Chemist: 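Encoded as C-alpha cells, here's the structure I'll be asking about.
What you see is a predicted model; the values in this text were computed from it and never measured. Proteins come first, then strands; the chains are lettered A, B, ... in the order of their sequence lines, and each starts at number 1.
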2 protein chains.
Amino acid sequence: MWLACARSGVLALADYRASLHHVQFCTRFYGGLDRMQDLLPKSEGLRERKRQETLQRITEAGLKSFIARGYEETTLDDIAAAASISRRTFFHYFKSKDEILLAQLDNYAQSIKASTVENASAGEPLDVAREALLKVVNGFEEPQMSAIARIMRQSKALQVRRGMANLQFEKALYEGLCSLWPGKQRRDGLRMVAMVAVGALRLSVETWQQDGKRPLAKYLRDAFKNLRAEIRATDS
Amino acid sequence: MWLACARSGVLALADYRASLHHVQFCTRFYGGLDRMQDLLPKSEGLRERKRQETLQRITEAGLKSFIARGYEETTLDDIAAAASISRRTFFHYFKSKDEILLAQLDNYAQSIKASTVENASAGEPLDVAREALLKVVNGFEEPQMSAIARIMRQSKALQVRRGMANLQFEKALYEGLCSLWPGKQRRDGLRMVAMVAVGALRLSVETWQQDGKRPLAKYLRDAFKNLRAEIRATDS
DNA sequence: GTGCATATTGCACTGAGTGCAACAAGTCAA
DNA sequence: TTGACTTGTTGCACTCAGTGCAATATGCAC
C-alpha cells in the first residue's frame with residue numbers, strides 16, 4: 001500500500017513532466033526567504049538523498065496542482081497526499097504553502113548576485129546591474145517562468161509575496177554591487193542603483209507578460225533606456 | 001452590561017490617545033486596496049454616523065493592541081471585544097486583520113495623487129514627482145506614522161503587505177502623472193518615473209527609521225540627488 | 001405604525017500553521 | 001550485528017483567520 005502510493009507519486013510526476021513540456025524543476029532548494037535549514041554543503045548519504053527526493057516530490061506536486069486547479073483551491077492535504085507524505089511533514093520542508101513558489105524565485109536571487117560579480121567590467125554600477133540582469137533574464141527557463149508567473153497572478157496574497165521576491169532580488173543585486181565597490185561612501189548610491197534596476201526588471205516583466213511578443217531582454221533594455229531619458233531630463 | 005462595555009471602550013480610547021500623544025486616526029476610510037464599500041459620498045444619517053464610529057473604534061482598538069502586545073499576538077477576538085462588536089462584524093468593516101493598517105496607508109496614496117496634480121508646474125515628471133512626495137511627506141502626522149511603521153516591521157507578513165502599499169503609492173503617482181502628461185507615447189517613461197520616485201521614498205523612509213535624526217524630507221531630497229548622480233554616470 | 005434595506009450576530013465550517021510526544025529510520029562505532 | 005544516538009515522520013489536538021448562512025435587530029422612508 002505504501003509502495004502503491006509511492007508508485008502513483010512517480011507516475012504523476014512523469015505525467016506532469018510530459019504535460020508541461022519541461023523538466024528539472026528545482027534541482028536545488030535554499031528554503032525560501034529565511035531558509036529553515038542549510039541544504040547545500042552536506043549532500044551525501046541516504047538520509048540527504050531521500051530528503052532531496054521528498055523536496056522535489058513536494059514541489060512538483062504543488063506546482064502541478066497550482067497549475068491544474070489554482071493556488072487557493074489546492075490545499076496542503078492535496079499536496080501532502082500527492083507527495084506521499086503527511087500534512088505535518090510538509091512543514092518540515094516548507095514554512096508555508098507559498099514558499100513552494102518563493103523557493104523557485106530564490107534561485108534567481110542567487111543568480112543575480114553571482115552574475116553581478118561576473119559583470120564587473122561593464123562600467124558604472126548601473127551598467128553592471130543592467131548587464132547582470134540581462135544575463136540572468138536570458139537564462140530564464142521559459143515554460144517554468146511563465147507557469148510560475150501565471151500562478152502568481154492568481155491570488156492577491158501571492159502578488160504580494162511576489163513583491164517580496166523583488167526585494168530579494170534587490171538585496172542580492174545590492175550585495176553584488178557592494179562587493180565590487182566596497183567603499184562605504186558609495187553605499188546609498190548602490191542601494192539606489194539596485195532599486196532602480198530591479199524596478200526596471202519589474203516593469204519589463206510586466207510589459208512582457210502582457211503583450212510579450214519580443215523576448216524579455218528587449219523590454220529590459222528599453223526600460224533602462226527609458227530610465228536614463230527620464231532622469232536626464234530632470235532639473236535639480 | 002452592554003453599556004459598561006461601551007463605556008470601557010471609550011475609556012480605552014481616551015487612554016490610548018493620551019498615551020500616544022496624538023489624535024484623529026483615520027477620519028476617513030476607503031477600505032484598503034480593494035475597498036469593500038464606497039464610504040465617501042453618503043455621509044449623513046444616523047446609520048452612517050454609527051458606521052464611522054464603529055470603524056474608528058475598531059481601528060483604534062486594533063492599533064492600540066498592536067502597539068501594546070504586538071501584531072501576531074493580537075487576535076481578532078481581542079479587537080472585536082475591545083471595539084464592542086462581534087468577531088463576525090469585524091469582517092463587515094475590514095476584509096482582513098492587516099487591512100486595519102493598510103487602510104491608514106491608503107490615505108497617503110490619495111494624497112500622493114492629489115499632490116501630484118497640484119505640483120504640475122514643477123517641471124519634468126521626475127521633478128513633479130519629487131515635489132509631490134516631499135509635500136506629502138511633510139504632511140505626515142509624526143507619531144502616527146512611526147507607530148505604524150514600527151508595527152509593520154514586527155512581522156514578515158506585514159512587511160510584505162507594506163511592500164504592496166508601495167505599489168499603491170506608485171500607482172497613485174503614476175495616475176497623477178498621466179493626468180498631467182496625457183500623451184500615450186510617454187506612458188512607459190511615466191511608469192518608470194513613478195517607480196523610481198516611490199523607490200526613493202522607500203529608501204528614505206528606511207534610512208530615516210534607522211538613524212532618523214533629520215526630518216524625512218531631508219533624506220528624500222538626498223535620495224533624489226543620489227539617483228540623479230548614479231544614473232548620470234551611466235554609459236549607454 | 002408598516003415595509004424595506006441594511007447591519008449585527010451566532011453558528012458551523014474550512015484551511016493554514018504550531019507544539020508535542022510517540023515512533024521510525026538513518027548513522028556511526030564497537 | 002547490535003546497540004546508542006540522531007534525525008525524520010507522523011498523528012493528534014489545538015489556535016486563529018476567514019467565509020457562508022440564516023436569524024434577528026436596527027435605521028429609514030412613507
Chemist: At under 4.0 Å, does any side-chain N or O of B/T89 touch on OP1 or OP2 of C/dT8?
Modeler: no

Chemist: At under 4.0 Å, does any side-chain N or O of A/Y93 touch on OP1 or OP2 of D/dT9?
Modeler: yes

Chemist: Would you kindly give the NE2-to-C1' distance between B/H92 and D/dT19, to the nearest whole Å?
Modeler: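 Interatomic distance, NE2 of B/H92 to C1' of D/dT19: 10 Å.
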
Chemist: What is the distance, rounded to the nearest whole Å, between atom OH of B/Y71 and atom C1' of D/dC16?
Modeler: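 Spelled out: OH on B/Y71 to C1' on D/dC16 is 12 Å.
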
Chemist: Please give, in whole Å, the distance from D/dT15 P to B/L76 CG?
Modeler: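 My rounded result for the distance is 16 Å.
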
Chemist: Closer than 4.0 angstrom, basic N to acidic O: yes or no for B/R153 and B/E206?
Modeler: no

Chemist: In terms of the nearest nucleotide of DNA chain D, which residue is placed more toward the 5' end: A/S86 or B/K97?
Modeler: A/S86

Chemist: Looking at A/Y71, I'd like to know if the NZ or CZ of A/K97 sits under 6.0 Å from its six-membered ring centre while staying within 45 degrees of the ring's axis.
Modeler: yes

Chemist: Nearest whole angstrom, please: distance from the P of D/dT7 to the CD of A/E48.
Modeler: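 Nearest whole value for this atom pair: 12 Å.
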
Chemist: Check the phosphate of C/dG15 against A/T75, side-chain N and O only, distance under 4.0 Å to OP1 or OP2. Yes or no?
Modeler: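 Answer is no, no contact under 4.0 Å.
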
Chemist: So for B/R88 and D/dG20, does any side-chain atom that can act as donor or acceptor lie under 3.5 Å from a complementary atom in the base?
Modeler: yes

Chemist: Return the value, rounded to whole Å, for the distance between atom CZ of B/R87 and atom C1' of D/dT19.
Modeler: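 Rounded to whole Å, this separation is 10 Å.
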
Chemist: Which nucleotide, C/dG17, D/dG18, C/dG26, lies nearest any side-chain atom of A/L46?
Modeler: C/dG26

Chemist: Using a cut-off of strictly less than 4.0 Å, decide whether B/K50 has a side-chain nitrogen or oxygen near OP1 or OP2 of D/dG27.
Modeler: yes

Chemist: Can you tell me how far the NZ atom of A/K135 sits from the OG1 atom of A/T116, to the nearest 0.5 Å?
Modeler: 10.0 Å

Chemist: Taking 4.0 angstrom as the limit, do B/E99 and B/R161 come out as a salt bridge?
Modeler: no

Chemist: Between B/Q52 (CD) and D/dG27 (P), how many Å, whole number?
Modeler: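 About 16 Å, once rounded to whole Å.
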
Chemist: Without decimals, in angstroms, what is the distance between B/R47 CZ and C/dA7 P?
Modeler: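 Checked: the CZ to P distance equals 6 Å.
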
Chemist: For D/dG18, does either OP1 or OP2 sit under 4.0 Å from a side-chain N or O belonging to B/K95?
Modeler: no

Chemist: How far apart are the C-alpha atoms of A/Y93 and A/R51, what are their side-chain angles, what is the distance that settles it, and do they pass the side chain to side chain contact (heavy atoms under 4.5 Å, CB included) test?
Modeler: CA-CA 9 Å; A/Y93 285 85; A/R51 187 179 174 82; 3.7 Å; yes

Chemist: Take the protein atom CZ of B/F90 and the nucleotide atom C1' of C/dA7, then report the distance between them rounded to whole Å.
Modeler: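 From B/F90 CZ to C/dA7 C1': 16 Å.
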
